[in-house]
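Single-structure report; data block below.
Since the model is a prediction, treat every value here as computed from it, not as a measurement. Order of the sequence lines sets the chain letters (A, B, ...), proteins ahead of strands, with each chain counted from 1.
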Amino acid sequence: MMQSDFWRRFRRNKGAVAGMVVLLIVAVVALLGPWLATNDPWAMVEQPFVRPWTEPGFLLGTDTLGRDILSGLVYGARISLLIGVVSTFVALLIGVSLGAVAGYFGGWIDAALMRFTELFQAVPSFALAIVLVAIFEPSIKSIVVAIAIVSWPPVARLVRSEFLTLRQRDFVQAALLAGQSTPRIILTQILPNAMSPIIVMASLMVATAILLESSLSFLGLGDPNQMSWGYMVGAARTVLRQAWWMALFPGLAIVLTVLALNLVGEGLSDGLNTRLHGKGK
Amino acid sequence: MNATVTPMKPLHPVLDIVDLSISLPSGADRALAVEGATLSVMPGQTLCVVGESGSGKSMIANAVMGLLPRPHVAPVAGRILFDGHDLLQLTEPQMRELRGRRIGMVFQEPMTALNPVMRIGEQIGEVFDAHGNVPAAEKRRRILAALADVGLPDPELLIDAYPFRLSGGQRQRVMIACALVLEPVLLIADEPTTALDVTTQAQILALVRELQQRRGTAVLFITHDFGVVSEIADHVVVMQTGHVVESGPAAQVLGAPQHPYTRKLIAAIPDGQAQTVPHDDLTRVLQVQDLCKTYHSSGSLFKRGRAVQAAKDISFELHRGETLGLVGESGSGKSSVGRCLVGLAPFDSGRILFKGRNLAQGKSFRRAAAGKIQMVFQDPYASLNPRHRIGAAIAGGPIAQGVGKAEAMARAMELLQLVGLGADAAQRYPHEFSGGQRQRIGIARALAMQPELLVADEPVSALDVSVQAQVLELFAQVRAQFQLAMVFITHDLRVAGQMCDRIAVMQRGEVVEYGETQKVLNDPQHAYTRKLIDAVPRLAGQADVSAKVA
């Protein structure tokens, strides 16, 4: 019953449905990558500067070194989604636990954790991410860690505020009276009721994480073994005026994916009714 | 026609509603919110529309004002005649002209009906601005007169005050001033006293009555409380699920109700008659000694924090199977005492002994009580976790205390039967239940812990009067069955009189009167207790009780 309600409201948002379709396509491409793109994205398989739709087998042309751009896009989708999802997951893990503890216990624990959170919020996140990746060797692992570290503070603040209000609700008081343990109350009583805004935020965070990853690889701080959209745009920027297609296609891929994620986030927000959240009925 | 002419034709009703039907959106529990309702309000008289929540009574008020959320909810048949015009045929601009000038309206919730960032005077002034041009000085003079008229102190100061400075009762007076400032012929009041304390309610009812007699305004009064009806009504219309089931002069409907539904509603009113049986079990379950609790609102660098004493030297004791009523108006500290008793709020000083054992503060309090002190909460909508099935919600407590899962679920089923819900309720979610049913679930959840002390914090104040009677019955039943000691917190003396062996009347954190229920109600010693008892609206038919009580 609640499921069908969710889908009814989600479907009413046409943008969200379109976003969902785009995301599904990107996900399928990422999953089937090696079968779709026959060329190694790093291999110089043709002459450089082949225009799109001129050479059979190289639909989107080749780059300055004669690498297949379509293959690059397909492999880039894999890395973008992987980093977006994994880093968001890690950020949620940090943010939700800190926010839950701060909001549930309150008092000096809350004060200390929030000051700690503000420490991270005070530093511009992109600068911090660059520093972190530069300190560790650029690799998938270090990029995920860097993105997670710069993006957990908003989650912590959101979860904290949800917990602050939900903690006062009568059903939590009843659980306290029944002698349920603190972890149990946090995990089974409060967290399920705070899930809706967290899910919406997570979908938007995946979008931000993809953008961050693209920016890092644009600056040459991406994993050197992985073809990524940001790297492709970065490599093509010097020849932008001679070969527009080299930057355009990966750029479009980034725009579409991020836009789709934002639309889906909007739809999730409608579907989960976060604006009416907390009414209890 | 205008207001000065109408009283000369006393037989011509101000408002005449004929065969009104109002549709509900598809998917609602019935097709028509109101079906074939006919009623008329005579000049200078009060018509009370009575019914439980969902009976469609507010829909009628909103239909008259043209405030129905069209097109989902819209009048589909009938006429609403006012001044000889059918209000349903008027255009929005024409309706706007009538609202405020000819028909005034007062809403239920005074705390939210005023704009918090607008001064009182400006809000009333808006009524003038909406209906023609009144010079500023003249406007101010009339606003001051209107404020004085509704009995507000210092109108000169109030006119420039913001709403947050006013209490709920004062805000409702401002709303009435707003509604009456242009001297409308008809005043519609939709549950105007439901959100107010009983003494404030009595004042507001007296005010409406007095203003009406002085000005000859016709009043359409919507309420669910038969006590209020008997205080104010000339005529009564009783509604049930969209139908008018009974109507007539107040004395006739209240004194000799014809329809079974009316009789049921009147019978459901708690009559303040104690139904408790004397018990000889003198095991002391709870002793409270000199309990003190003060709330400090945090101050800033330049401002000292405010301290509110919610409990001051509270002492009482409770035996097994006995019920103590904590009675008082909002802000009297009765709920704070309740929360201290169950260990949900720390207290400053004093001692709470449970079965002879001193309970220390905080977490160890609840551990020492081991779930044997349970609470039933006021708001049935907030007290159940919306994401948990009912069975799991009830069994959760015993499981936390180490009872096996299967056994706990079996007990949950039994308890659901006991509180009058089927065992199949266990698999459903809270949103599928009504307020009264949820309160039953709340009681079952408390009983699952096999408590020895039950603290009930206003458990029936959010419920309709007939549901209230059923839930009170359930309380009495489980109290007898489990030999529970109960602390029953309520603002309603009628409920307290019915449920409690002893009553403690609280005012500003202090117990001003404490004694046997009959003694407190029949022979109140403290002035505040007498004031509370006088303020209780009661039926004329209950004269014998009120004579006894007064």
Side-chain angles (χ1 to χ4, degrees), chain A residues 1-6 8-9 12 96 100-101 104-111 159 162-199 271-281, chain B residues 338-339 341-345 362-363 365-388 392-403 408 428-435 438-439 441-443 445-446 448-451 453-455 457 459:
Chain A
M1 151 128 196
M2 289 173 94
Q3 301 294 317
S4 70
D5 257 15
F6 167 77
R8 192 174 46 76
R9 285 195 295 261
R12 214 159 45 195
V96 170
V101 168
Y104 184 83
F105 291 102
W108 65 268
I109 298 180
D110 177 33
V159 173
E162 288 289 319
F163 267 63
L164 278 178
T165 53
L166 287 169
R167 215 224 111 110
Q168 303 299 327
R169 296 281 279 277
D170 286 346
F171 59 80
V172 178
Q173 312 279 325
L176 276 172
L177 283 183
Q180 295 194 3
S181 65
T182 308
R184 207 182 159 77
I185 290 178
I186 291 181
L187 291 176
T188 68
Q189 300 282 354
I190 307 186
L191 195 57
N193 286 293
M195 266 339 267
S196 306
I198 296 176
I199 290 171
L272 296 167
N273 235 350
T274 43
R275 274 180 280 265
L276 302 173
H277 175 77
K279 279 282 154 205
K281 291 193 184 183
Chain B
R339 296 175 70 80
L341 289 182
V342 296
L344 284 176
K363 230 179 162 169
F365 184 111
R366 291 198 294 272
R367 201 174 304 130
K372 295 300 177 196
I373 305 180
Q374 284 296 311
M375 191 160 188
V376 176
F377 297 89
Q378 170 173 9
D379 185 353
Y381 293 95
S383 63
L384 294 171
N385 193 333
R387 311 254 168 187
H388 286 198
I394 295 175
I399 291 173
Q401 293 292 340
V403 177
R428 288 153 70 190
Y429 285 96
H431 69 92
E432 299 173 49
F433 294 93
S434 71
R438 290 185 201 206
Q439 208 55 300
I441 295 167
I443 294 171
R445 178 177 60 187
M449 301 299 293
Q450 299 178 319
L453 172 65
L454 190 63
V455 177
D457 188 359

Going by heavy atoms in the side chains, are I373(B) and L177(A) under 4.5 Å from each other?
-> no
side-chain contact (heavy atoms from CB on, under 4.5 Å) with F171(A): which of P430(B), P386(B), S383(B)?
-> P386(B)
Counting N and O atoms only, with roles assigned by atom type, does the side chain of Q173(A) sit under 3.5 Å from a partner on the main chain of L344(B), one being a donor and the other an acceptor?
-> no
Will you find, in the side chains of Q189(A) and R387(B), an N or O donor that is under 3.5 Å from an N or O acceptor?
-> no
d(T188(A) OG1, N385(B) CG) to nearest 0.5 Å is 7.5 Å
For chain A, the option from G397(B), A400(B), A382(B) that forms the most heavy-atom pairs under 4.5 Å = A382(B)
In terms of heavy-atom pairs under 4.5 Å with chain A, the winner among M449(B), K372(B), H388(B) is H388(B)
